[in-house]
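Below you'll find the structure, written out as structure tokens, and then a few comments.
Atom set for the values below is all heavy atoms of this structure, side chains included, hydrogens, waters and symmetry mates excluded.
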Amino acid sequence: LLTLDDLRLDSDLLSLQTSGTTHLASADKLPKLGSARLDGRITANLPGILNQLPATIHLQPGLKVIDGELTTNFTLTSTDGSSGLTGTAALKNLRGSMQNKLIQLDQPVEFNFDLARNKTQQLDIRQLSAHSGFGSFSATGKANTFSFQSSLQLAKLNTQLAQFIDLGPLKFAGQIL
């Protein structure tokens with residue numbers, strides 16, 4: 001039995017905190033992962049990341065990202081050849097400054113996920129969803145046959161993205177229902 005009480009990794013760009021347990025079983029002299037549960041939290045410092053990669057991300061010229069955080073809380077489980085990943089993620093407080101003007105996302109973008117892989121390695125999408133000021137979507141099912149529902153206002157998405165990202169001639173319009 002291996003127990004992780006509190007593992008923390010911190011940098012200027014990312015922070016990881018995790019804890020959990022795993023049972024290690026030997027098979028043919030190589031350690032094999034038995035049952036396990038790992039809980040964690042990853043926090044990304046968006047100004048630190050985005051301001052270092054303006055050309056790669058196609059940030060608007062002259063934009064300086066001044067606030068924002070992407071936080072993911074997750075639980076990873078493994079037992080008897082099956083594994084699962086559940087959790088939430090949230091993009092909050094994304095704000096920037098361009099030509100002395102404050103810009104920001106109107107609302108947070110929130111994600112929920114509950115994914116599993118069975119012994120035959122088939123992906124089971126128990127829940128995959130997102131919600132924001134420009135719409136929402138959800139999906140369930142298997143990787144090759146799944147159900148998808150959405151209500152996206154593409155013009156609102158375009159307005160929010162274009163504040164931060166140089167979309168060039170690309171313009172989103174209409175709805176995805």
Inset, instruction - Please answer: with hydrophobic residues joined when any side-chain heavy atoms are less than 4.5 Å apart, are L177 and F134 in the same cluster? - result: no
Legend entry - Side-chain heavy-atom pair L70, T43 within 4.5 angstrom cut-off: no
Inset, instruction - Find the distance between CG (L123) and NZ (K142) and round it off to the nearest 0.5 Å. - result: 8.5 Å
Inset, instruction - Check whether any side-chain N or O of N93 sits under 3.5 Å from a backbone N or O of G68 as a donor-acceptor pair, and report yes or no. - result: no
Inset, instruction - Write down the atom of V65, the atom of N51, and the distance for their closest heavy-atom approach. - result: O-ND2, 2.8 Å
Legend entry - Straight-line distance of L38 CG to T21 OG1, nearest 0.5 Å: 9.0 Å
Less than 3.5 Å apart, which donor and acceptor atoms pair up between the side chains of residues 143-154 and the rest of the protein, not counting sequence neighbours?
from: S150; atom 1: OG; to: I176; atom 2: O; distance (Å): 3.1

Legend entry - Sub-4.5 Å side-chain heavy-atom contact between T75 and L85: no
Legend entry - Remaining members of hydrophobic cluster (4.5 Å side-chain criterion), I66: L102
Inset, instruction - Not counting sequence neighbours, list each pair that qualifies as a salt bridge (Lys or Arg N to Asp or Glu O under 4.0 Å) and has a residue in residues 148-165. - result: none
Legend entry - Rounded distance (nearest 0.5 Å) linking atom CG of L128 with atom OG of S138: 8.5 Å
Legend entry - Donor-acceptor side-chain pairing of S19 and D6 below 3.5 angstrom: no
Inset, instruction - Flag the pair F164 / L105 as yes when at least one side-chain heavy-atom distance between them is below 4.5 Å, and no otherwise. - result: yes
Inset, instruction - Would you check if L13 and Q52 make a side-chain contact, meaning some heavy-atom pair closer than 4.5 Å? - result: yes
Inset, instruction - Starting at OG1 of T159, measure out to NZ of K171 and round the result to the nearest 0.5 Å. - result: 9.5 Å
Inset, instruction - Kindly indicate whether the side chain of T18, heavy atoms from C-beta on, has any atom under 4.5 Å from the side chain of L4. - result: yes
Legend entry - Any side-chain heavy-atom pair of L50 and L59 under 4.5 Å: yes
Inset, instruction - Considering only NZ, NE, NH1 and NH2 on the basic side and carboxylate oxygens on the acidic side, decide whether R8 and D10 come within less than 4.0 Å. - result: no
Inset, instruction - Among residues two or more places apart or on two chains, list those pairs meeting side-chain hydrogen bond (donor to acceptor under 3.5 Å, both in side chains) that have a residue in residues 64-74. - result: R41-N73, D67-R95, E69-T71
Inset, instruction - Any ring pair (Phe, Tyr, Trp, His ring centres under 6.0 Å) involving residues 92-131? Give me the pairs, sequence neighbours left out, ordered by first then second residue. - result: none
Legend entry - Flag if over 12 foreign heavy atoms under 6.0 Å of CD, Q121: yes
Inset, instruction - Look at the side chain of Q163 and the backbone N and O of Q104, then say whether any donor-acceptor pair between them is shorter than 3.5 Å. - result: yes
Inset, instruction - Would you check if the side chain of E110 reaches a backbone N or O of A130 as a donor-acceptor pair within less than 3.5 Å? - result: no
Inset, instruction - Sorted by first residue and then second, give each ring pair (Phe, Tyr, Trp, His ring centres under 6.0 Å) pair with at least one member in residues 40-84; sequence neighbours left out. - result: none
Inset, instruction - For the residue pair L46 and L94, establish whether any side-chain heavy-atom pair is separated by less than 4.5 Å. - result: yes
Inset, instruction - Working to the nearest 0.5 Å, report the span between CG of L16 and CG of L7. - result: 6.0 Å
Inset, instruction - Report the distance from atom CD1 of I103 to atom OG of S97, rounding to the nearest 0.5 Å. - result: 8.0 Å
Inset, instruction - Compare all side-chain heavy atoms of I125 with those of Q127 and state whether any distance is below 4.5 angstrom. - result: no
